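Here is the structure we will look at, set down as structure tokens.
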Amino acid sequence: MTEPHRPLVAVLDYGIGNLRSAQKAFEQAGADARLTADPALIADARAVVLPGVGAFGACMDALRAAALDEVAVDAARAAADGGRPFLGICVGMQMLYEGSAESPDHDGLGVLDGRLSLLPATEKRPQMQWNRLEISRPSQLFSTVDDPVWVYFVHSYAASAEGDHVVATCEYGGPVAAAVEHGQLWATQFHPEKSGGTGLQLLQAFVAAAGAP
Amino acid sequence: MRVARVIPCLDVDAGRVVKGVNFIGLRDAGDPVELAARYDAEGADELVLLDITASSDGRGTVVDMVRRTAEQVFIPFTIGGGIRTVDDARRLLRAGADKVSVNTAAVDRPELIAEIAAEFGNQCVVVAIDARARRENSGTGAEGWEVFIHGGRTPTGLDVIDWARRAESLGAGEILLTSMDRDGTRDGFDTELTAAVSETVGVPVIASGGVGTLQHLVEGITIGRADAVLAASIFHFGEHTVHEAKAHLTAAGVVVRP
């Protein structure tokens with residue numbers, strides 16, 4: 001007899017925001033999702049999620065205070081090299097870059113090249129809405145969803161749409177980086193856990209990668 | 001690309017939906033969680049749950065309702081009503097709400113906006129403003145709008161435009177703007193009010209109050225320049241589905257998520 005396989009997904013809990021809805025969404029997508037700052041549990045997990053809401057600098061400070069910054073860097077680099085899957089969400093994606101105009105005195109994790117800029121002044125900020133993705137190249141993340149893909153964004157800063165590893169963009173006063181994929185390192189500027197059925201499908205693709213032998 | 005949002009609003013008293021709800025096939029039309037899931041399935045972009053519980057002993061049900069909603073609804077939802085302190089906000093956000101809406105307490109003590117924003121981010125803080133047109137200069141029509149609190153019973157003397165600007169500067173991520181003159185009339189949004197606020201602030205504005213037809217939703221976006229439209233009765237009484245609302249908006253040239 002085999003149990004239905006629910007891969008252990010560690011959602012890094014460094015004291016910011018509300019992570020309960022993210023945990024629930026990962027569980028709905030088939031994961032055994034744990035909110036944790038415990039290095040042993042994170043080491044045991046089949047995948048790692050770095051969430052984030054609020055200001056870039058506040059998130060970086062909190063991540064460092066929880067002693068999870070190096071854990072996150074190591075996990076993200078290993079994923080980029082094809083190791084266990086890693087997903088950054090919203091500010092969790094942003095922190096993977098070198099820095100952000102939002103908090104110029106804070107360094108990012110530097111796993112991805114480039115810095116975030118403020119969205120164009122011609123648009124409302126934050127972008128707080130659903131938007132349609134332009135899938136710019138094939139990826140694992142979007143392999144299971146049909147075009148058009150609509151997802152929910154809440155952000156005022158964004159990475160360059162021309163940056164490395166960008167697999168999807170959205171249009172908001174110009175093209176905006178919406179998702180990156182590099183090996184098994186995935187990151188989304190939008191919130192898959194708040195993007196209804198489409199978001200759950202994306203999380204299922206991630207959980208499936210986590211559960212792959 | 002600006003994509004308008006359609007947001008059904010549920011009024012909840014002691015954990016039960018009030019105002020008529022006329023869906024076919026609901027096991028319990030008074031259960032906010034079942035209704036929320038239904039609106040999610042119909043294509044609602046977000047939900048607002050407004051707690052109108054008067055008695056303090058009914059209050060404990062709110063956290064439980066938010067927790068159950070978060071387990072079943074995977075679109076953003078806002079909880080409003082009776083949030084007076086950062087502790088109140090924290091309890092609801094930790095239970096799984098994505099945003100909290102503050103109204104009276106923010107007027108009484110505007111720092112509340114900054115305090116919630118500092119802990120959870122601006123995107124979590126919706127400032128709800130109940131607005132009524134000033135009528136002093138009746139010869140020239142209304143002269144601006146005044147902020148009311150305590151569910152619209154108490155005038156504050158505050159100018160709506162000034163207060164919206166202040167709320168934004170303190171950290172509001174969004175303004176939920178209700179026209180008390182239109183609320184319940186089914187005559188359509190006060191688009192003049194909505195446009196005045198939307199053009200003043202840089203954050204998104206949700207238009208509320210007065211929707212009676214699907215065309216009113218269009219006007220809220222095109223004339224009122226709102227980023228989102230909130231409605232209650234046209235959805236609750238089964239007159240229109242969210243899906244129909246979106247089809248109407250699309251036909252009128254407003255971009256929405258299908």
Side-chain angles (χ1 to χ4, degrees), chain A residues 15-29 35 52-56 58-59 62 90-91 119 121-134 148-156 170-176 191-203, chain B residues 1-6 37 39-46 66-77 89-100 116-126 168 171 173-175 198 201-206 225-228 255-258:
Chain A
I16 53 96
N18 136 42
L19 300 180
R20 190 178 167 83
S21 60
Q23 181 192 19
K24 288 290 160 197
F26 278 101
E27 285 177 356
Q28 187 79 14
L35 305 179
V53 295
F56 183 91
C59 282
C90 196
V91 182
L119 291 169
T122 51
E123 306 299 315
K124 290 277 178 107
R125 296 182 296 221
Q127 169 175 217
M128 185 182 283
Q129 63 172 21
W130 295 73
N131 207 335
R132 193 183 62 227
L133 298 182
E134 299 288 337
V149 181
W150 288 84
V151 288
Y152 187 78
F153 289 83
V154 185
H155 66 125
S156 296
C170 70
E171 176 64 29
Y172 199 70
V176 170
H191 286 271
E193 79 282 14
K194 284 287 137 194
S195 296
T198 299
L200 290 175
Q201 276 180 282
L202 298 175
L203 294 183
Chain B
M1 181 170 64
R2 198 155 151 189
V3 182
R5 287 169 286 154
V6 176
Y39 282 129
D40 177 359
E42 272 191 7
D45 294 310
E46 295 190 25
V66 166
R67 188 171 291 125
R68 291 193 303 123
T69 305
E71 283 170 8
Q72 293 185 32
V73 174
F74 297 100
I75 59 172
F77 73 94
R90 188 184 295 120
R91 211 171 294 125
L92 295 163
L93 291 166
R94 292 247 180 250
D98 298 289
K99 315 180 196 180
V100 290
I116 302 172
E119 186 165 337
F120 290 97
N122 295 18
Q123 82 292 336
C124 277
V125 191
V126 181
E168 179 186 22
E174 199 168 33
I175 303 288
S198 190
V201 297
V203 296
V205 173
I206 306 169
R225 308 194 52 74
D227 301 278
V255 180
V256 292
R257 175 178 72 122

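Note that the coordinates shown come from a computational prediction; the quantities given were computed from them, not determined experimentally. Quick note on labels: first sequence line is chain A, next is B, and so on, each numbered from 1.
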Heavy-atom side-chain proximity of B:Arg67 to A:Arg20 below 4.5 angstrom: yes
Checking heavy atoms, do the side chain of B:Asp45, its backbone, both or neither come under 4.5 Å from chain A? both
What do you reckon, is CZ of A:Arg132 surrounded by more than 12 foreign heavy atoms closer than 6.0 Å? no
In terms of heavy-atom pairs under 4.5 Å with chain A, the winner among B:Pro258, B:Ala4, B:Gly43 is B:Pro258
Check each atom of B:Ala97 against the heavy atoms of chain A and say whether the ones under 4.5 Å are side chain, backbone, both or neither. backbone
What's the separation between atom OG in A:Ser21 and atom CG in B:Leu93, rounded to the nearest 0.5 Å? 9.5 Å
Pick out which of A:Gln127, A:Lys124, A:Gln129 makes a side-chain contact (heavy atoms from CB on, under 4.5 Å) with B:Asp227. A:Lys124
Closest heavy-atom contact between B:Gln123 and A:Val53? NE2-CB, 3.5 Å
Where does B:Glu174 contact chain A at under 4.5 Å (heavy atoms): side chain, backbone, both or neither? side chain
With a 4.5 angstrom heavy-atom cut-off, which part of B:Val205 approaches chain A: side chain, backbone, both or neither? both
Who are the ring-ring contact (aromatic ring centres under 6.0 Å, His included) partners of A:His191, not counting sequence neighbours? none
Which bit of A:Leu200 is near chain B, if near means a heavy-atom gap under 4.5 Å: side chain, backbone, both or neither? side chain
With a 4.5 angstrom heavy-atom cut-off, could you sort out which part of A:Tyr172 is near chain B: side chain, backbone, both or neither? both
Minimum-distance pair of heavy atoms, taken over all atoms of A:Ala25 and B:Phe74: CA-CE2, 3.5 Å
Below 4.5 Å, heavy atoms only, C-beta onward: do B:Asn122 and A:Pro126 meet side chain to side chain? no
Heavy-atom pairs under 4.5 Å with chain A - which of B:Val73, B:Asp98, B:Asp40 has more of them than the others? B:Asp98
Output the option from B:Gly96, B:Ala117, B:Ala118, B:Ala70 having the highest count of non-hydrogen pairs under 4.5 Å with chain A. B:Gly96
Relative to chain A, which of B:Glu46, B:Glu119, B:Arg90, B:Gln72 shows the most heavy atom pairs under 4.5 Å? B:Glu46
Can a cation-pi geometry be assigned to B:Arg257 and A:Trp130, taking NZ or CZ under 6.0 Å from the six-membered ring centre and within 45° of the ring axis? yes
Closest non-hydrogen contact found for B:Ile75 with A:Lys194 is O-NZ, 3.4 Å
Interface moiety of B:Ala95 toward chain A, non-hydrogen atoms closer than 4.5 Å: backbone
Do you know the tightest heavy-atom contact between A:Met128 and B:Pro204? CB-CG, 4.0 Å
Pick one of side chain, backbone, both or neither for A:Gln23, based on which atoms fall under 4.5 Å of a heavy atom in chain B. neither
By side-chain contact (heavy atoms from CB on, under 4.5 Å) - contacts of B:Arg91 (at least two apart): B:Val63, B:Asp87, B:Asp88
